[in-house]
Amino acid sequence: MTIDVAPEAGLARWHRLDRRMLLIRPVLDVVKSLPVLIGTVVLGRGNGWEWIGLGITAVTVLAGISHVLTSRYRVADGQVEWTTGLLLRKHRAIPLDRVRTVDVTSEPKHRLFSLSAVRIGTGRHSPGQGAGGDQLVLDAVSATEAHRLRTVLLHRKEVVTESESAPPPEQIVAEVDRKWLRYAPFTLSGLAVVGAVFATVWHFAHQLNIAPENVGPLRDLLAGLAGTAVWLIVVIAAVVLLAVVSLLSVGGYILSFWNFKLTREPEGTLHVRRGLVTTRSVSIEEDRLRGVEVKEPLPLRIAGGARLTAIAGGLRAGRGGDKGGGLLLPPAPVGRVHEVAAEVLRENFDPATVPLNRHPRRALTRRLTRAVGGVLILAAALSGLAWIDFLPDWMWQVALGLAPFAALVGWDRYRNLGHAIAGRYLVSRSGSLARATVAIRREGVTGIVVSRSFFQRRGGLITVTAPIAAGSGGYQVVDVGESAGLAMAEQAAPGLLTPFLRRTASDSR
């Protein structure tokens, strides 16, 4: 169970990374160095370059071993400390009150020896840290130690085993349903895999001077399709691609979201567990939660699905809600997503479904102009290239035929525009191909940014940005009417714009 004691009671002394990582790290370093090693051996051809490759590999392996042997950590004096390095020593300390999330991941290399990697997120963005913010990574601790660290760092409690009592149960907020697999093909995640594999094979074939059309099976396939109509070949290729993408998407869904469970711990922490081959456990303090985002890519929206991500400090933003650790619900029925959003925010209503204020018709004009205008410019450029016999005529004709679809996308983008103040939340929605509804807590807004371009000024429109110390760092309400946008900004962050609005009014007089 967990009892209230000083967190430093068991972790004040220095701890080392698990020594079992020494059986894994050298192998991984050698695998990472294989391209360099193979390249130097192939290019060397007896000139001694292969020794350079062996030397680089040896240095990489020794650096990995040194990292495991010299890394130490402890929780003491109200902070978590980490030190590593043999020739170049590094030391970091993070106050416990800055810890926002604890992400426990067990990849296959860890699960082989019952190890885990613990990522401690602070939510701050330091130079050189990238979009993920400032993190402290302990990449080799036992599963028991990982649970101990998570409890101490988030709840300031020490884990103690007592046979006569049991810890209070967690409240289950959501669990994955096998029926949700039907949404996997609409995520198009398999398309990325197919594209990556195709690009890799094409690259290596080009490097080895191999013409794909001369490879046995592919040559036979092309010969068999020689007398087939072009339209039929396109249909067959589309069906095969769709089947492969669907299968890969379903497989990816199973690997990523197997045994998915979202729970609320008695200490006020949201706990997400998921994964089949690579298991992951992410904990988010509810006090640090700043809102949620409902994401509905067009294919998933057509299928009636959506996904839910958290807006909280300390998560690895910039890699997507899935990889970043903020995923609260995988692709699921949109109704279930709204229910979980309301439960996570502890509200009697779901802010993502509140009626939104529509934006002026001038915003529709801007979207239609950009969508259709872009297609017409592309068609004109292709037509010019066809006129000089650089490209065939059908290319600009196809581009011109996309104009009605571009107009439909522009209209849908306008239809999805909206904003509202719902209780403690500022809600905004935008997008068509990737529609997103964001609900952020107004008390988390750190300022208001009002901007407008030259064309927005001509249309009487503005863009209001609400900076927040979480998620992407700021969320926009785009192309809103000037008076409505300023009123919304004043209501979202009372008092911030008042001096400027008064000054503007006095200047106009």
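Residues: numbered from 1 along the sequence shown.
Applying the salt bridge (charged side-chain N to carboxylate O under 4.0 Å, His left out) test to residues at least two apart or on different chains, none of the pairs has a partner in residues 378-402. Residue pairs satisfying the ring pair (Phe, Tyr, Trp, His ring centres under 6.0 Å) criterion with at least one member in residues 442-483, sequence neighbours excluded, are absent.
Rounding to the nearest 0.5 angstrom, the gap separating the CZ atom in Arg307 from the CH2 atom in Trp180 is 12.5 Å. Atom OG1 of residue Thr269 and atom CD of residue Glu170 lie 9.5 Å apart, to the nearest 0.5 angstrom. Distance check: Phe257 CZ to Asp177 CG gives 14.5 Å after rounding to the nearest 0.5 Å. Distance check: Ile421 CD1 to Ser428 OG gives 10.0 Å after rounding to the nearest 0.5 Å. The distance from the CG atom of Leu382 to the CH2 atom of Trp396 is 10.0 Å, given to the nearest 0.5 Å. Remark: Leu308 CG to Leu327 CG distance equals 7.5 Å, nearest 0.5 Å.
Qualifying salt bridge (Lys or Arg N to Asp or Glu O under 4.0 Å) partners for Arg435, counting only residues two or more places apart in sequence or in other chains: Glu296. Scored by the side chain to side chain contact (heavy atoms under 4.5 Å, CB included) test, Arg361 finds Leu364, Tyr414 as partners (sequence neighbours excluded). A search for ring-ring contact (aromatic ring centres under 6.0 Å, His included) contacts involving His359 returns His419, not counting sequence neighbours. Taking Arg452 as the reference, Glu482 meet the salt bridge (Lys or Arg N to Asp or Glu O under 4.0 Å) condition, with sequence neighbours excluded. Under the rule for a side chain to side chain contact (heavy atoms under 4.5 Å, CB included), the partners of Val478 that lie at least two apart in sequence or sit in another chain are Arg367, Leu417, Thr463, Gln476. Take Arg290 and apply the side chain to side chain contact (heavy atoms under 4.5 Å, CB included) test, not counting sequence neighbours, and it matches Ile311, Ile468, Ala470. Shown here are the salt bridge (Lys or Arg N to Asp or Glu O under 4.0 Å) partners of Arg264, two or more places apart in sequence or in another chain: Glu286, Glu343. Checked against side chain to side chain contact (heavy atoms under 4.5 Å, CB included), Ile377 has no partners two or more places apart in sequence or in another chain. Arg182 pairs by the salt bridge (Lys or Arg N to Asp or Glu O under 4.0 Å) definition with nothing, not counting sequence neighbours.
In this structure the side chain of Leu270 never reaches within 4.5 angstrom of the side chain of Val272, judged on heavy atoms. Residues Arg150 and Ser116 form no side-chain contact, since every pair of their non-hydrogen atoms from C-beta on lies 4.5 Å or further apart. Between Val277 and Trp258, every side-chain heavy-atom pair lies at or beyond the 4.5 Å cut-off. Counting only heavy atoms from C-beta outward, the side chains of Ile302 and Phe186 never approach each other to under 4.5 Å. Leu402 has its side chain out of reach of Leu378: every pair of non-hydrogen atoms, C-beta onward, lies at least 4.5 Å apart. Looking only at side-chain heavy atoms (C-beta outward), Leu149 and Val102 stay at 4.5 Å or farther from each other. Proximity of Val176 to Asn259: side-chain heavy atoms (C-beta onward) are nowhere separated by under 4.5 Å.
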Output a table of donor-acceptor pairs, distance under 3.5 Å, between side-chain atoms of residues 404-411 and any protein atom two or more places apart or on a different chain; print 'none' if there are none.
none

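Proximity of a side-chain donor or acceptor of Arg442 to a complementary backbone N or O of Gln491 within less than 3.5 Å is detected. Looking only at distances, a side-chain donor or acceptor of Thr187 sits under 3.5 Å from a matching main-chain atom of Ala184. Formation of a donor-acceptor pair under 3.5 Å by the Thr446 side chain with backbone atoms of Pro467 is found in this model. Checked by atom type and distance alone, the side chain of Ser383 never pairs as donor or acceptor with a backbone atom of Ala379 at under 3.5 Å. Between the side chain of Arg441 and the main chain of Leu289, a donor-acceptor pair closer than 3.5 Å is present. For His110 (side chain) and Thr278 (main-chain N/O), no donor-acceptor pair under 3.5 Å exists by modelled atom type.
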Discussion item. If you apply the rule side-chain contact (heavy atoms from CB on, under 4.5 Å), what do you find for Val354 with Leu356, and how did you get there?
Written reply: CA-CA 6 Å; Val354 299; Leu356 301 180; 4.1 Å; yes
Worksheet item: Can Leu400 and Leu376 be said to form a side-chain contact (heavy atoms from CB on, under 4.5 Å), step by step?
Response: CA-CA 6 Å; Leu400 187 61; Leu376 293 179; 3.8 Å; yes
Worksheet entry | Full working for side-chain contact (heavy atoms from CB on, under 4.5 Å) between Leu329 and Leu262 | CA-CA 8 Å; Leu329 201 64; Leu262 170 63; 5.7 Å; no
Worksheet item: Do Val480 and Ile462 pass the side-chain contact (heavy atoms from CB on, under 4.5 Å) test, and can you show the C-alpha distance, the side-chain angles, and the key distance before you say yes or no?
Response: CA-CA 6 Å; Val480 61; Ile462 62 174; 3.8 Å; yes
Item to complete: Kindly indicate, with the supporting measurements, whether the criterion salt bridge (Lys or Arg N to Asp or Glu O under 4.0 Å) is fulfilled by Arg301 and Asp412.
Response: CA-CA 12 Å; Arg301 176 155 57 105; Asp412 189 55; 3.0 Å; yes
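In this structure, Gly485 and Val464 approach most closely via the heavy-atom pair O-CG2, 3.9 Å. Val375 approaches Ala403 most closely through the heavy-atom pair CG1-N, 3.8 Å. Contact record, Ser451 with Gln456: O-OE1, 3.9 Å, taken as the closest heavy-atom pair. The minimum heavy-atom distance between Pro185 and Ser249, with the atom names listed, is CA-CB, 3.9 Å. The nearest pair of heavy atoms linking Ala492 to Leu426 is CB-CD2, 4.3 Å. Between Pro392 and Ala386 the shortest heavy-atom distance is O-CB, 4.0 Å.
Of the candidates Arg273, His271, Arg274, Lys261, Ser281 forms a side chain to side chain donor-acceptor pair (under 3.5 Å) with just one, namely His271.
For the 3.5 Å distance criterion, the side chains of Ser432 and Arg413 fail to qualify, holding no donor opposite an acceptor.
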